[in-house]
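What follows is a single structure, written as structure tokens, with notes after it.
Atoms within each ligand, like the ligands themselves, are counted from 1 in listed order. Just so you know, these numbers use all the heavy atoms, side chains as well, and skip hydrogens, waters and symmetry mates.
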Amino acid sequence: MKTIITGGAGFIGTNYVYYVLSKYPEEQFICIDKLTYAGSLENLEGALKNDNFRFIKGDIADKDFIFKVFEEEKPDVVINFAAETHVDRSVVDPEVFLQTNVIGTGVLLEACRKYGIKRFHQVSTDEVYGDLPLDRPDLFFTEETPLHASSPYSASKASADLLVLAYYRTFNLPVTISRCSNNYGPYQFPEKLIPLMIANALKDKPLPVYSKGENVRDWLYVEDHCEAVDLVVRKGKVGEVYNIGGHNERTNLEVVRIILKELGKSEDLIRFVTDRPGHDKRYAIDPAKINRELGWKPKTNFSEGIKMTIKWYVDNEQWLQNIISGEYQNYYKKMYGNR
Ligand code: NAD
Ligand code: TYD
């Protein structure tokens, strides 16, 4: 069995590569990644020591490249993690989100159609459903919730989901989609809330909280997401969507306070800054379907998971430093300089 994992040098993809390599030593895995700012080969150093793992640098939106890889490798399964993923970047420059997330997914689907495939799995997000109001804690996203994306990022992911489902209906391509809530854990790029706050707190820099910090996200430890994706790929029903989440809702301010407390830093570091345009209020997943049909539920609760995550960033200070000392400085100035 040969699986192509796209975007395997990024946050969730890296965690997924290590998850499957330890679980399926007899199978073949190939990672395709463009190595954008968000991906790093350093993440896969350990994985590259395995004979059953290979890395190929390339762009999922490059049709000639992707078709050549499919022709040579004849994969059984393709799992598409590759994407532009940061909402704030999509507000500043949406174009690359359309290129990678929509066109890139389209190219992969065409390659699957041409060369044949046992399964194409699209790693999607709960953000395709839009947001829920803060004053209705009784509402959750189910797989039947209409797509109602808010940002260029989530709109591009929703478009990709529609394409994937169209390839099932029109061409009978054996596809599945998973839509997960916010992940946290090792290897997450420090542009996202949790690693950004850990990185700043470690350096006693201000922690920029958008608006009043009242927006709610539903947090899941990355390894639980990896386990769920693997289950959907192997046991999920073709043509179906599965929501992934663990009923762990927190306001952003709660999360930031937990990080500060864990690191023994003062709440005086918190700075309330101008809100993100179109900022989604609340995300909350109803995971009943994956629980009922595939028996999945998360193993790591938030208090354990956040401790493990903080410890990973403290233990891997050089990893963080390598990112922070480069182009990231310009990004940070541009995004937070006048906020
Ligand atoms: P990430 O930004 O950390 O990593 C993305 C990876 O994709 C990087 O390695 C990057 O180099 C690669 N990539 C980008 N454009 C590419 C292209 N054109 N061709 C090949 N590779 C390319 O992202 P992540 O947080 O690991 O997210 C992975 C997937 O999971 C995405 O599809 C995202 O939408 C989805 N998702 C993420 C979360 C989350 O909380 N992070 C939650 C739900 C779903
Ligand atoms: P983020 O990690 O970007 O994920 P997403 O917006 O895709 O859910 O942001 C999580 C929440 O944290 C979101 O409500 C925006 C907020 N946030 C801040 O308050 N400050 C920050 O510096 C960042 C990056 C995010």
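- Checked by distance only, ligand 1 and Thr85 come closer than 3.5 Å through their nitrogen or oxygen atoms.
- Remark: ligand 2 atoms within the under-4.0 Å shell around heavy atoms of Val209 are 19 (O).
- Remark: Lys205 is positioned above the aromatic ring of Tyr332, its terminal NZ or CZ atom under 6.0 angstrom from the ring centre and at most 45 degrees off the axis.
- Taking every non-hydrogen atom of Lys192 and a distance limit under 4.0 Å, the qualifying atoms of ligand 2 come out as 2 (O).
- Heavy-atom contacts of Val87 reach the following atoms of ligand 2: 7 (O) (cutoff under 4.0 Å).
- In summary, the atoms of ligand 2 found under 4.0 Å from a heavy atom of Glu191, numbered by their order in the structure, are 24 (C).
- Taking every non-hydrogen atom of Tyr153 and a distance limit under 4.0 Å, the qualifying atoms of ligand 1 come out as 33 (C), 34 (O).
- Short contacts between ligand 1 and Phe81, defined as distances under 4.0 Å to a heavy atom of the residue, involve ligand atoms 28 (C), 29 (C), 31 (C), 32 (O).
- The closest approach between any non-hydrogen atom of His279 and ligand 2 is below 4.0 Å.
- Listed by number with element, the atoms of ligand 1 under 4.0 Å from a non-hydrogen atom of Thr36 are 10 (C), 11 (O), 14 (C), 15 (N).
- Residue contact check: Asn182 has heavy atoms under 4.0 Å from atoms 4 (O), 5 (P), 8 (O) of ligand 2.
- Close contacts of ligand 1 with Gly58, meaning ligand atoms under 4.0 Å from a residue heavy atom, involve 19 (N), 20 (C).
- The ligand atoms of ligand 1 that sit less than 4.0 angstrom from a heavy atom of Ser181 are 42 (C), 43 (C).
- Residue contacts with ligand 1: Ile32 is placed with no nitrogen or oxygen under 3.5 Å of a nitrogen or oxygen of the ligand (distance criterion only).
- Evaluated by nearest non-hydrogen atom to atom 9 (O) of ligand 2, the leading choice among Gln188, His86, Arg276 is Arg276.
- Of all the heavy atoms of Lys157, the ones lying under 4.0 Å from any atom of ligand 1 belong exclusively to the side chain.
- Taking the ring centroids of Tyr37 and Phe189, they lie under the 6.0 Å cut-off.
- The nearest heavy-atom contact from the protein to atom 12 (O) of ligand 2 is Asn252 ND2, 3.3 Å.
- If you look at Tyr184 and Tyr221, their ring centroids are closer than 6.0 Å.
- No donor-acceptor pair closer than 3.5 Å links the side chain of Asp93 to the backbone N or O of Arg89.
- Contact check on Asp230 versus Arg234 returns a salt bridge, with a Lys/Arg side-chain nitrogen under 4.0 Å from an Asp/Glu carboxylate oxygen.
- Contact annotation: Ala9 has at least one heavy atom less than 4.0 Å from an atom of ligand 1.
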Walk me through whether Glu143 and Arg179 qualify under salt bridge (charged side-chain N to carboxylate O under 4.0 Å, His left out). CA-CA 9 Å; Glu143 290 79 1; Arg179 296 183 180 141; over 6 Å; no

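- Contacts of Ser124 with ligand 1, taken as heavy-atom pairs under 4.0 Å, involve the backbone alone.
- If you check each of Tyr210, Trp219, Phe272 against atom 25 (C) of ligand 2, the one with the closest non-hydrogen atom is Tyr210.
- Between Asn182 and ligand 1, not a single N/O pair is under 3.5 Å apart.
- Within the structure, ligand 2 has Tyr336 among the residues with a heavy atom less than 4.0 angstrom away.
- Where the criterion is an N or O separation shorter than 3.5 Å, residue side chain and backbone included, Phe11 meets it with respect to ligand 1.
- Contact check on Glu227 versus Lys299 returns a salt bridge, with a Lys/Arg side-chain nitrogen under 4.0 Å from an Asp/Glu carboxylate oxygen.
- For ligand 2, the polar-atom distance check finds an N/O of Leu193 within less than 3.5 Å of one of the ligand's N/O atoms.
- Near Asp59, the atoms of ligand 1 lying under 4.0 angstrom from a non-hydrogen atom of the residue are 17 (C), 18 (N), 19 (N).
- Annotation for ligand 1: atoms under 4.0 Å from non-hydrogen atoms of Gly39 are 8 (C), 9 (O), 11 (O).
- Polar contact check, Asp280 against ligand 2: no nitrogen or oxygen pair lies under 3.5 Å apart.
- For the residue pair Asn322 / Tyr328, no side-chain donor-acceptor distance below 3.5 Å is found, with atom types taken as modelled.
- For Tyr283 and Glu127, the side-chain atoms include at least one donor-acceptor pair closer than 3.5 Å.
- No N or O atom of Tyr283 sits closer than 3.5 Å to an N or O atom of ligand 2.
- Within the 4.0 Å heavy-atom criterion, neither part of Ile194 lies near ligand 2.
- Counting heavy atoms closer than 4.0 Å to ligand 1, residue Ser40 contributes nothing at all.
- Taking CD1 of Ile5 as the reference point, atom CD1 of Ile30 lies at 9.5 Å (rounded to 0.5 Å).
- Both the sub-6.0 Å distance and the 45° axial angle are not jointly satisfied by Arg271 relative to the ring of Tyr336.
- Between the side chain of Asp33 and the backbone N or O of Ala9, at least one donor-acceptor pair lies under 3.5 Å.
- The proximity of Asp126 to ligand 1, defined as any non-hydrogen pair under 4.0 Å, does not occur for either the backbone or the side chain.
- Ion pairing between a basic and an acidic side chain is recognised when a charged N comes within 4.0 Å of a carboxylate O; Glu110 and Arg113 show such pairing.
- For ligand 2, the atoms lying closer than 4.0 Å to a non-hydrogen atom of Glu127 are 5 (P), 7 (O), 8 (O).
- Close contacts of ligand 1 with Leu35, meaning ligand atoms under 4.0 Å from a residue heavy atom, involve 11 (O).
- By the criterion of a heavy-atom distance under 4.0 Å, the side chain of Met197, and not its backbone, is placed next to ligand 2.
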